[in-house]
Novice: 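The structure under discussion is supplied below as structure tokens; questions concerning it will follow.
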Amino acid sequence: MARALRPLVEGRRIVRCRVIHPIVVSRGSRQSRKLAAAQLEKSLRGMRIRGVERRGKYLILVLERGAVVLHFRFDGQLIWFNSKETSGHVDVAFETGGGTLGFVDPRHLGRVQYVGSPEEVPGIRGLGVDALSKGFTAAHFAELLAASRKPVKILLLDQSKVAGIGNIYSSEALWRARIDPRRPAHRLITVEMRRLHKAIVDVLQRALECCLNPAPNFRDPKWRFQGLERILRVYGREGKSCRRCSQPVRRIEQGGRSTYFCAKCQR
DNA sequence: CCTGCTACCTGATGGC
DNA sequence: TGCCATCAGGTAGCAG
């Protein structure tokens with residue numbers, strides 16, 4: 001998202017910001033939502049967008065002064081349109097001279113906020129090492145695993161340990177590394193930790209390549225990252241045969257979320 | 001401090 | 001067709 005968005009918005013000035021559904025700017029009362037919405041609109045008026053950054057699953061529009069922090073949760077997305085008319089389900093519209101960026105989230109679980117610095121957002125301050133950064137080394141990862149008794153799948157989802165791995169890629173990485181998602185993290189042996197580390201990096205990089213070509217078309221109001229299914233080996237394949245050993249893929253619940261794995265070749 | 005559970009929202013899907 | 005239950009790529013806040 002950050003890479004695709006950069007050429008579209010970098011250097012542009014936000015002429016006006018309109019909050020259409022205040023629920024995405026605050027989870028407080030109706031009153032406090034309205035207040036937060038008004039403050040966001042006021043803070044962004046006339047502000048130039050210097051750059052676009054990503055931290056874990058947060059997207060950040062870096063402004064001349066302060067920043068807009070976006071989180072998409074399950075369904076949030078961005079679209080770009082030319083008119084000022086907000087068609088469809090736009091929650092927040094950022095109008096620039098050359099077009100409007102819309103934050104769209106029909107379920108309203110996503111968040112949009114203006115901050116002086118991204119570090120003010122607790123979720124960002126608390127992020128662990130980013131899975132796509134140089135700091136994510138096998139050695140560091142091994143230390144994290146060794147320090148936790150949680151099931152390894154649950155640990156992978158903990159953004160305060162490693163930032164950027166979600167429910168799909170945690171299942172995918174464990175399948176690639178042939179590790180049972182239920183195993184306590186600290187019980188993995190060194191070669192398994194290294195295998196899992198490589199699997200995480202590989203699966204995220206493949207997904208990234210997939211998402212960048214074809215690049216998302218923000219002008220299509222119902223665009224989605226395409227072709228991700230092509231790289232998925234287990235996620236969502238309950239009952240279908242394992243791509244490695246033909247055993248049926250199982251779905252279990254861990255921490256209230258679905259995990260997919262093969263009980264035969266993941267040990 | 002850590003851990004596990006639930007609320008937050010709405011739309012799509014599948015069984016009956 | 002309509003109705004109901006279930007599921008969804010995530011995180012914050014709470015209790016223990």
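Since the model is a prediction, treat every value here as computed from it, not as a measurement.
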Novice: Give me, pair by pair, the N or O atoms of the protein and of nucleotides 6-14 of chain B that are less than 3.5 Å apart, along with how far apart they are.
Specialist:
{"from": "dC9(B)", "atom 1": "O2", "to": "R107(A)", "atom 2": "NE", "distance (Å)": "2.6"}

Novice: Return the set of residues passing side-chain hydrogen bond (donor to acceptor under 3.5 Å, both in side chains) with E192(A) (not counting sequence neighbours), or none when no residue passes.
Specialist: R183(A)
Novice: DNA chain C: E253(A) or R257(A), which has the more 5' nearest nucleotide?
Specialist: E253(A)
Novice: Using the P atom on both, measure dG9(C) against dT13(B) and round to a whole Å.
Specialist: 14 Å
Novice: Below 3.5 Å, can you tabulate the donor-acceptor pairs from side chains in residues 58-67 of chain A to any protein atom, sequence neighbours excluded?
Specialist:
{"from": "E64(A)", "atom 1": "OE1", "to": "R48(A)", "atom 2": "N", "distance (Å)": "2.7"}

Novice: In residues 153-169 of chain A, which residues come under 4.0 Å of DNA chain C by heavy atom?
Specialist: Q159(A), G166(A), N167(A), I168(A)
Novice: Given the P atoms of dA12(C) and dC1(B), what is the spacing between them in whole Å?
Specialist: 16 Å
Novice: So, does E172(A) use its side chain to make a donor-acceptor pair with the main chain of R233(A) at under 3.5 Å?
Specialist: yes
Novice: Apply side-chain hydrogen bond (donor to acceptor under 3.5 Å, both in side chains) to K264(A) and list each qualifying residue two or more places apart in sequence or on a separate chain.
Specialist: none
Novice: Could you pull out all donor-acceptor pairs under 3.5 Å where a side-chain atom in residues 18-30 of chain A meets a protein atom, sequence neighbours excluded?
Specialist:
{"from": "R18(A)", "atom 1": "NE", "to": "E95(A)", "atom 2": "OE2", "distance (Å)": "3.1"}
{"from": "R18(A)", "atom 1": "NH2", "to": "K84(A)", "atom 2": "O", "distance (Å)": "2.9"}
{"from": "H21(A)", "atom 1": "ND1", "to": "D91(A)", "atom 2": "OD1", "distance (Å)": "2.7"}
{"from": "S26(A)", "atom 1": "OG", "to": "G28(A)", "atom 2": "N", "distance (Å)": "3.0"}
{"from": "S29(A)", "atom 1": "OG", "to": "S32(A)", "atom 2": "N", "distance (Å)": "3.2"}
{"from": "S29(A)", "atom 1": "OG", "to": "S32(A)", "atom 2": "OG", "distance (Å)": "3.4"}

Novice: Considering only distance and modelled atom types, tabulate donor-acceptor pairs under 3.5 Å from the side chains of residues 251-260 of chain A, sequence neighbours left out.
Specialist:
{"from": "R251(A)", "atom 1": "NE", "to": "E238(A)", "atom 2": "OE1", "distance (Å)": "3.2"}
{"from": "R251(A)", "atom 1": "NH1", "to": "S258(A)", "atom 2": "OG", "distance (Å)": "2.7"}
{"from": "Q254(A)", "atom 1": "OE1", "to": "T259(A)", "atom 2": "OG1", "distance (Å)": "2.7"}
{"from": "Q254(A)", "atom 1": "NE2", "to": "P181(A)", "atom 2": "O", "distance (Å)": "3.3"}
{"from": "T259(A)", "atom 1": "OG1", "to": "K153(A)", "atom 2": "NZ", "distance (Å)": "2.7"}

Novice: Taking H89(A) for its side chain and R107(A) for its backbone only, find out whether a donor-acceptor pair lies under 3.5 Å.
Specialist: no
Novice: Please list every donor-acceptor pair under 3.5 Å in which a side-chain atom of residues 115-123 of chain A meets a protein atom from a residue at least two apart or in another chain.
Specialist:
{"from": "S117(A)", "atom 1": "OG", "to": "E119(A)", "atom 2": "N", "distance (Å)": "3.2"}
{"from": "E119(A)", "atom 1": "OE2", "to": "R55(A)", "atom 2": "NH1", "distance (Å)": "2.8"}
{"from": "E119(A)", "atom 1": "OE2", "to": "R55(A)", "atom 2": "NH2", "distance (Å)": "3.3"}
{"from": "E120(A)", "atom 1": "OE1", "to": "G116(A)", "atom 2": "N", "distance (Å)": "3.4"}
{"from": "E120(A)", "atom 1": "OE2", "to": "G116(A)", "atom 2": "N", "distance (Å)": "3.3"}
{"from": "E120(A)", "atom 1": "OE2", "to": "S117(A)", "atom 2": "N", "distance (Å)": "3.1"}

Novice: Under 4.0 Å between any heavy atoms, over every strand shown, what does Y58(A) touch: base, sugar-phosphate, or nothing? Just pick one.
Specialist: sugar-phosphate
Novice: Do any N or O atoms from the side chain of D75(A) and from the backbone of D105(A) form a donor-acceptor pair under 3.5 angstrom?
Specialist: no
Novice: Give every donor-acceptor pair under 3.5 Å between a side-chain atom in residues 205-217 of chain A and any protein atom, sequence neighbours left out.
Specialist:
{"from": "N213(A)", "atom 1": "ND2", "to": "E209(A)", "atom 2": "O", "distance (Å)": "2.7"}
{"from": "N217(A)", "atom 1": "OD1", "to": "R219(A)", "atom 2": "N", "distance (Å)": "3.1"}

Novice: Contact boundaries of DNA chain C with chain A (under 4.0 Å, heavy atoms), 5' to 3'?
Specialist: dC7(C) to dA12(C)
Novice: Give me the ring orientation class for H197(A) and F136(A): parallel if the planes are under 30° apart, tilted from 30 to 60°, perpendicular past 60°.
Specialist: tilted
Novice: Atom CZ of residue position R3(A) - does it have more than 12 heavy atoms of other residues, nucleotides or ligands inside 6.0 Å?
Specialist: no
Novice: If you look at every strand shown and take non-hydrogen atoms under 4.0 Å, does F72(A) touch a base, only sugar-phosphate, or nothing?
Specialist: nothing
Novice: Would you sketch DNA chain B in dot-bracket for me? Only Watson-Crick or G-U wobble pairs with both distances under 3.5 Å count, crossing pairs as [ ], other-strand pairs as |, the rest as dots.
Specialist: .|||||||.|||||||
Novice: Enumerate, atom names and distances included, each donor-acceptor pair closer than 3.5 Å involving a side-chain atom of residues 137-148 of chain A, sequence neighbours excluded.
Specialist:
{"from": "T137(A)", "atom 1": "OG1", "to": "H140(A)", "atom 2": "N", "distance (Å)": "3.0"}
{"from": "S148(A)", "atom 1": "OG", "to": "K150(A)", "atom 2": "N", "distance (Å)": "3.1"}

Novice: Applying a 4.0 Å non-hydrogen cut-off, can you work out what R251(A) is touching in the nucleic acid: base, sugar-phosphate, or nothing?
Specialist: sugar-phosphate
